[in-house]
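Please read all numbers here as calculations on a predicted model, not as lab measurements.
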Amino acid sequence: MCGRFAVTTDPALLAEKIKAIDETNATAKDSPAPNYNVAPTTTVATVVKRHTDPDDDATRRVRLMRWGLIPPWVKATDDGTPDNKGPMLINARSDKVTSSPAFRSSAKGKRCLVPMDGWYEWQGEKGAKTPYFMYASDGEPLFIAGLWTTWRPKGAPKDSAPLLSCTIITTDAAGPLAQIHDRMPLTISTDDFDRWLDPDAPIDEGLLRGHGDLDRIEIREVSRLVNSVRNNGPELIEPVAHASRDLDGAPQPEQGTLL
């Protein structure tokens, strides 16, 4: 699964890097600051591909969304916020996105990418779990497959700004990652961005079964400071002070384990 991650790339710089339109200023007063401990319900930058007019070519856009998908049918509370009493939809299984009522509509034409520096997973028994950080060996962001949707309270004007929300797709973990957790985020490689994002094409089942950037991912043990969402700083993704070890206990280089 993916329940916590880190992202430090400024959305405007991200848009420039991937040749996208930066729409974050239109949806939020300020761009998100670097966040080393992103938790559910946090506002995060995402990449979508949409049309400006029905007949033009779809273009990439960077938009801010709430992490934790809110299906359109969710009712509103008295103050107009989502009354989402069910499970928090921060993750969607790759083998269920086309059949689950919560995700299948988004899977048809509202697919996104969630850029991140890396994500955290924990290994061990409850109360003594060791956190690990999975990140790209080249220092570039990882782009994770996601789904998104829009939500408005019932009766709201159609031209009112909707609440945008997203979920991260997970798949079976592969390689050394499977020794830490049985699930991992579904990565999408640069060459497949447009295939994944295309709002006019059906979902690519091949991408759902793949591990796009698996060969870029390294693992390192990090501080237990990440266990608390109150902690947020670059020290959370640094290797622990002692020599890191692989999952069998053998000493490993400090920089991490290359998949």
Between Thr46 and Arg61, do the side chains contain an N or O donor and an N or O acceptor separated by less than 3.5 Å?
-> no

Under 3.5 Å, side chain of Ser223 to main-chain N/O of Val240, donor-acceptor pair present?
-> no

According to a 4.5 Å side-chain heavy-atom criterion applied to Ile, Leu, Val, Met, Phe, Trp and Tyr, with indirect links allowed, do Leu142 and Leu14 form part of one hydrophobic cluster?
-> no

Please determine, by modelled atom types, if Asn37 and Asn231 share a side-chain donor-acceptor pair under 3.5 angstrom.
-> no

Under a 4.0 Å N-O cut-off, is there an ion pair linking Asp194 with Arg60?
-> yes

Determine the minimum heavy-atom distance between Val74 and Pro82, stating which atoms define it.
-> CG1-CB, 4.1 Å

Taking only residues at least two apart or on different chains, which pairs with a member in residues 66-85 satisfy ring-ring contact (aromatic ring centres under 6.0 Å, His included)?
-> Phe5-Trp67

Val114 reachable from Leu89 in the ILVMFWY side-chain graph, under 4.5 Å edges | no

With Lys96, which residues qualify under salt bridge (Lys or Arg N to Asp or Glu O under 4.0 Å), at least two apart?
-> none

Considering all heavy atoms of both residues, which atom of Ala20 and which atom of Val62 are nearest to each other, and what is their separation?
-> CB-CG2, 4.0 Å

Could you tell me whether a side-chain N or O of Gln123 sits under 3.5 Å from a main-chain N or O of Gln179, the two making a donor and an acceptor?
-> yes

Carboxylate-amine/guanidinium proximity below 4.0 Å for Asp138 and Arg216 = yes

Any Lys/Arg nitrogen of Lys17 or Glu140 sitting under 4.0 Å from an Asp/Glu carboxylate oxygen of the other?
-> yes

Side-chain donor-acceptor pair present, Thr170, Asn91, cut-off under 3.5 Å = no

Would you say Arg224 and Thr130 make side-chain contact, with heavy atoms under 4.5 Å?
-> yes

Co-membership, hydrophobic cluster, residues Leu69 and Phe143, 4.5 Å side-chain | yes

Sub-3.5 Å donor-acceptor pair from the side chain of Thr77 to the main-chain atoms of Thr81, do we have one?
-> yes

Look up atom OG in Ser105 and atom NZ in Lys110, then write down how far apart they are to the nearest 0.5 Å.
-> 7.0 Å

For the residue pair Met116 and Cys2, what are the closest heavy atoms and their distance?
-> CE-SG, 4.4 Å

Determine yes or no for a side-chain-to-main-chain donor-acceptor pair under 3.5 angstrom, with Asp117 supplying the side chain and Thr8 the backbone.
-> yes

Output the distance between atom CZ (Arg111) and atom SG (Cys166), rounded to the nearest 0.5 Å.
-> 15.0 Å

Tell me, with the steps shown, if Val7 and Val38 meet side chain to side chain contact (heavy atoms under 4.5 Å, CB included).
-> CA-CA 8 Å; Val7 59; Val38 179; 3.8 Å; yes

Same cluster for Val47 and Ile21 if Ile/Leu/Val/Met/Phe/Trp/Tyr side chains link at under 4.5 Å?
-> no

Please report the C-alpha distance between Leu207 and Arg195 in whole Å, then the side-chain angles of each, then the deciding distance to 0.1 Å, and finally whether the side chain to side chain contact (heavy atoms under 4.5 Å, CB included) criterion is met.
-> CA-CA 9 Å; Leu207 294 179; Arg195 287 173 60 200; 4.1 Å; yes

Side-chain heavy atoms of Val97 within contact of Arg104, under 4.5 Å = no

Would Asp22 and Thr24 count as having a side-chain donor-acceptor pair, cut-off 3.5 Å?
-> yes

Nearest heavy atoms of Ala45 and Leu64, plus distance in Å = CA-CD2, 3.9 Å

For the side chain of Thr149 and the backbone of Pro71, is there at least one donor-acceptor N/O pair under 3.5 Å apart?
-> no

About how many Å separate CD1 of Ile18 and CD of Glu16, when rounded to the nearest 0.5 Å?
-> 11.0 Å

May I ask you to test the Lys49-Thr59 pair for a side-chain heavy-atom distance under 4.5 Å?
-> no

Would you say the side chains of Arg152 and Thr150 form a donor-acceptor pair under 3.5 Å?
-> no

If every non-hydrogen atom of Leu214 is compared with every non-hydrogen atom of Ala174, which pair is closest and at what distance?
-> CD2-CB, 3.8 Å

Passes side chain to side chain contact (heavy atoms under 4.5 Å, CB included), Ile217 versus Thr187? Steps please.
-> CA-CA 10 Å; Ile217 301 174; Thr187 55; 4.2 Å; yes

So if you build clusters from Ile, Leu, Val, Met, Phe, Trp, Tyr with side-chain heavy-atom gaps below 4.5 Å, do Ile90 and Trp151 land together?
-> no

How far apart are the closest heavy atoms of Met134 and Ile219, and which atoms are they?
-> SD-CG2, 3.8 Å

Using 4.0 Å as the upper bound for N to carboxylate O, is an ion pair formed by Lys75 and Asp83?
-> no

Does Arg220 make a cation-pi contact with Tyr135 (under 6.0 Å, within 45 degrees of the axis)?
-> yes

Interatomic distance, OH@Tyr36 vs CD@Glu238, rounded to 0.5 Å, equals 8.5 Å

Examine the side chains of His51 and Asp57 and answer whether a donor and an acceptor come within less than 3.5 Å of each other.
-> no

Hey, what do you get for CD1 (Ile70) to OG1 (Thr41), rounding to the nearest 0.5 Å?
-> 9.5 Å

Backbone N/O of Ala39 and side chain of Thr42: donor-acceptor pair under 3.5 Å = yes

Exam field: side chain Arg93 to backbone Asp95, donor-acceptor pair closer than 3.5 Å | no

Side chain to side chain contact (heavy atoms under 4.5 Å, CB included) between Tyr132 and Val222, worked out | CA-CA 5 Å; Tyr132 290 87; Val222 293; 5.8 Å; no

Going by the side-chain contact (heavy atoms from CB on, under 4.5 Å) test, name the single residue among Leu113, Ile168, Ile169, Ile188 that passes it with Ile144.
-> Ile168

Polar side-chain atom of Trp119 near backbone of Pro185 as donor-acceptor pair, under 3.5 Å = no

Going from OG1 on Thr167 to CE on Met88, what distance comes out if it is rounded to the nearest 0.5 angstrom?
-> 11.0 Å

